[in-house]
Amino acid sequence: MDIRFYNTLTHQERSFEPLEPPDIRIYTCGPTVYDFSHVGNFRSFLFSDLLNRFLTAAGYNVIHAMNLTDVGHMTEDDVADGAGEDKMAVAARRLKEAKKSGAVDAGAVEDPDNPYEVARYYAKSFIEDAKKLGMKLAWDYPGKVVHATDHITEMQQLIQKLVERDHAYVAEDGVVYFDVGSFPEYGRLSGNDIANLKEGEGGRISAEHQAAKKHPADFFLWKPDPHHIMKWDSPWGAGYPGWHIECSAMAMKVLEREVIDIHTGGEDNIFPHHECEIAQSCGVTGHEDFARFWMHPRHLFVEGEKMSKSKGTFYTVSDVMEGKVTGRPLDPGVLRFELIKTHYRANSNFTEKGLHDSANTVRRLREFRQNLLAGADSQVTEVDGSHPAVEGFLSALADDLNISAAMAVVFEWISQPVPDPVEALAAFDLINEILNVAPVSDATGKEVDLLVRSKDESKLDPEALCRGIDEARAAKDYATADALRDELVAHGYEVRTSPQGTTATRMLA
RNA sequence: GGCACCGUAGCCAAGUGGUAAGGCAGGGGCCUGCAAAGCCUUGAGCGGCGGUUCGAAUCCGCCCGGUGCCUCCA
């Protein structure tokens, strides 16, 4: 299969060949753990999950790593050289308030002033959400999903090497900066080459630190700072590492290579983060590339607009699953599908309508599988990539993860009569290894999707009501039958009557 | 100002040179006590203007619109 991906580095779609087949090494820029991740974050992480699952299905051995950024960075984006308030302090304050109001269990974070506890709390929450959404990587925590604070030594080693190789210098302000002038390739990824970078155009650099640098684009690797909450000893004084160095260090450490196959991260990471990562990593290793392919999913909008705190559209996974958008509990498989169904290189629009569409799709897929299961009568077989549906699905994805074309193959397939349910079941499960929505499975293939239990669910006995409907219908008491059905629908059930009787299932969204 | 990405029916979205996939919603029909689900059926000339070509949504140019980035936001 010819796999083609759009490579941000070359601005072109190119054939993808692993460096060491069948292994493929992927590094994904993960979340910061000072707060809950929102659905926009997860779109980006689920893109990397789709990539992982597709390459695995295509027969490769995917080695995938991700970081959790828990070094307390600074709040003031407009003073990006490291000023403002430590994000860990903000998180601590938020957690204290949440504990007071009961929004967070008192036992969840013993001491909000301990940044490690704060980070652990949000990291745990991130992994839980990732598991609900069926992200393979979540089951590799903590092996392949690693904390920055556990790798300070590796970062310092890289910084040391950069200083030795004259790619970095200690400036008058005591800060260790990367010297972009020493790396002519700077700008290759983003197109923001040194000559084109207008000083401070993004409004995030403070004049104070600019003065100490050789070039305005120089970025810090280590900053001695006695006021930083989390700090570590170093040859350059007690302080904390720069943002970019953690990914260089951890990718090399966890993936055990100086050059990896694919690096992913949200589009906002292209510059400066990934540009700087390349400069640092290649500065240390002397290789031409750090990652052969760079892939960047685009941002998520909510109801046609940028996500916004003031509009309350920074939805967390829990928000959406508890019904903040649709008004009723939502199946995690639906959220997963909603976040992966749009091509990763297009902005996607997260909407209530979209969630309902996705719920329909997920339900259709699950019912198709259930029918196959019934038709297969416990027989099991295996199919490979030559099965027409699987082949069509995989070749669509091989074209830069063309999920829409891939889904078209699935829809056309499942709307046709199935000649051999046993074979079709095997084919479907292969496809679902990638989609992972019908059902959502954990690392061992066990189903993980459970609707959040709504409060009134316990009071309702859907089976009894269904029996009541059937009895009323048998007695031609349609008024009673309709009333019972309305009650079920009002509680979020989908009611179907067939010659075999009435069934009620929870709506997925 | 610079560097990129995107612009196809009400919505989501494929197609990258030969007369527009697929899904959702909507209309009509079958089924149903009525519904739901399912099945059948139904709709656009591709942001605009030029150019290349026998032929362009697809290539080139310009313009318009949206988005991201220009130092710690996925």
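Remember, it's a predicted structure, so these values are computed and weren't measured experimentally. Chain letters run A, B, ... following the sequence lines, proteins first and then strands; every chain starts at 1.
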Could you give the distance separating [M] and [N] at their [atom1] atoms, to the nearest angstrom?
| N | M | atom1 | result |
| --- | --- | --- | --- |
| B/rG33 | B/rC40 | P | 22 Å |
| B/rU53 | B/rG10 | P | 35 Å |
| B/rG18 | B/rG55 | C1' | 6 Å |
| B/rC30 | B/rC34 | P | 11 Å |

A/D477-A/T480 side chain donor-acceptor pair, cut-off 3.5 Å: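 Looking only at side-chain atoms, A/T480 and A/D477 do form a donor-acceptor pair, the distance falling under 3.5 Å.
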CG of A/N347 versus P of B/rC69: gap in Å, rounded?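 Distance check: A/N347 CG to B/rC69 P gives 11 Å.
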What's the CZ-C1' distance between A/F368 and B/rC39, to the nearest Å?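 Nearest whole value for this atom pair: 16 Å.
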Assert yes or no for the condition that the ring centre distance of A/F126 to A/F45 is strictly below 6.0 Å. yes
No-H, no-angle donor-acceptor pair, A/D482 side chain to B/rG33 base, under 3.5 Å: yes
Validation row: A/P31, A/N41 side chains within 4.5 angstrom (heavy atoms): no
Think A/T361 has a side-chain N or O under 4.0 angstrom from the OP1 or OP2 of B/rC12?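 So the side-chain polar atoms of A/T361 never come under 4.0 Å of the phosphate oxygens OP1 or OP2 of B/rC12.
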Determine whether the aromatic ring of A/F411 stacks with the base of B/rG22, defined as ring centroids separated by less than 5.5 Å and ring planes inclined by less than 30°. no
Side chain of A/N432, backbone of A/F428: donor and acceptor closer than 3.5 Å? no
Only pairs with both distances under 3.5 Å count, Watson-Crick or wobble alike; so what is the partner of B/rC54 in this structure?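 Paired with B/rC54, as far as the under-3.5 Å criterion goes, is B/rG18.
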